[in-house]
Amino acid sequence: QVQLVESGGGLVQPGGSLRLSCTVSVSISFSIYTMAWYRQAPGKQRDLVASIPSGGITNYADSVKGRFTISRDNAKNTVYLQMNSLKPEDTAVYYCNVRVKLIGTPGPGAYWGQGTKVTVSS
């Protein structure tokens with residue numbers, strides 16, 4: 001079973017910062033490919049915020065480019081999202097997503113974290 005545990009959400013004032021973390025735990029040998037962060041605001045669909053493939057260049061949504069930074073620590077099986085200059089429109093539940101190749105399987109599958117709430121308000 002693949003399990004993703006997220007942390008770091010909370011309440012912050014506009015212009016503030018937060019860092020989200022997501023750690024992947026699997027009961028058997030595995031390889032992690034792309035790691036990403038999505039967010040879903042009330043009444044809206046879940047949208048991609050940022051992604052970081054294995055050994056590849058990062059990708060950001062236009063709305064967060066220049067303010068958010070995605071990074072990964074492969075030794076810890078962890079992906080981070082550093083969020084600076086936060087705006088009220090960043091308020092959403094943030095979800096970690098990873099593509100994981102399990103030993104004995106033909107290809108990678110996608111898995112989701114439980115979500116962590118970020119509220120930006122004065």
Side-chain angles (χ1 to χ4, degrees):
Q1 180 68 43
V2 177
Q3 185 171 351
L4 281 61
V5 180
E6 303 179 28
S7 64
L11 174 65
V12 64
Q13 292 184 333
S17 298
L18 287 172
R19 189 179 75 160
L20 307 183
S21 299
C22 174
T23 298
V24 182
S25 179
V26 186
S27 60
I28 61 175
S29 297
F30 66 99
S31 298
I32 301 177
Y33 293 87
T34 301
M35 308 183 80
W37 289 96
Y38 290 72
R39 67 185 181 186
Q40 186 168 19
K44 297 185 178 181
Q45 67 179 12
R46 189 174 300 183
D47 294 323
L48 176 67
V49 177
S51 64
I52 179 168
S54 179
I57 192 170
T58 55
N59 178 65
Y60 299 92
D62 289 341
S63 59
V64 307
K65 190 171 297 184
R67 300 187 297 120
F68 291 10
T69 302
I70 188 171
S71 61
R72 60 192 288 174
D73 186 335
N74 292 328
K76 293 182 169 63
N77 296 322
T78 299
V79 61
Y80 305 95
L81 185 67
Q82 179 66 47
M83 304 184 294
N84 298 326
S85 302
L86 283 162
K87 304 175 180 179
E89 51 263 44
D90 296 319
T91 296
V93 177
Y94 285 70
Y95 296 91
C96 178
N97 176 270
V98 299
R99 292 183 61 80
V100 177
K101 172 68 168 66
L102 305 179
I103 189 171
T105 62
Y111 300 88
W112 292 94
Q114 83 281 5
T116 183
K117 176 68 175 180
V118 172
T119 302
V120 185
S121 177
S122 60

I need the minimum non-hydrogen distance between [X] and [Y], along with the two atoms involved.
X	Y	answer
Ser85	Ser17	N-OG, 4.3 Å
Ala36	Ser51	CB-CB, 3.8 Å
Leu20	Gly9	CD2-N, 3.6 Å
Arg99	Pro108	NH2-CG, 3.4 Å
Ala92	Ala41	CB-N, 3.8 Å

Do [X] and [Y] touch side chain to side chain, with heavy atoms closer than 4.5 Å?
X	Y	result
Met83	Trp37	no
Leu81	Arg39	no
Ile70	Met35	no
Asn59	Leu48	yes
Phe30	Asn77	yes
Arg72	Ser54	yes
Ser21	Lys76	no

- Task: Just say parallel, tilted or perpendicular for the rings of Phe68 and Tyr94, cut-offs at 30° and 60°.
- Result: tilted

Side-chain heavy atoms under 4.5 angstrom apart, residues restricted to Ile, Leu, Val, Met, Phe, Trp, Tyr: same cluster for [X] and [Y]?
X	Y	answer
Val49	Ile57	no
Val79	Tyr60	yes
Trp112	Val2	no
Tyr38	Leu18	no
Tyr33	Tyr95	no

- Item | Spatial distance of atom CG (Asp90) from atom OG (Ser63) [nearest 0.5 Å] | 7.0 Å

- OG1/Thr105 to CD1/Ile103 distance, rounded to the nearest 0.5 angstrom? 9.0 Å

- Message: Within the 3.5 Å criterion, strictly below it, is a donor on Thr119 or Thr91 matched to an acceptor on the partner's side chain?
- Response: no

- Has the side chain of Asp47 got a donor or acceptor atom that lies under 3.5 Å from a matching backbone atom of Gln40? no

- Ignoring hydrogens and geometry, is there a side-chain-to-backbone donor-acceptor pair from Gln114 to Glu6 under 3.5 Å? yes

- Task: Step by step, work out the side chain to side chain contact (heavy atoms under 4.5 Å, CB included) result for Tyr80 and Asp73.
- Result: CA-CA 8 Å; Tyr80 305 95; Asp73 186 335; 4.1 Å; yes

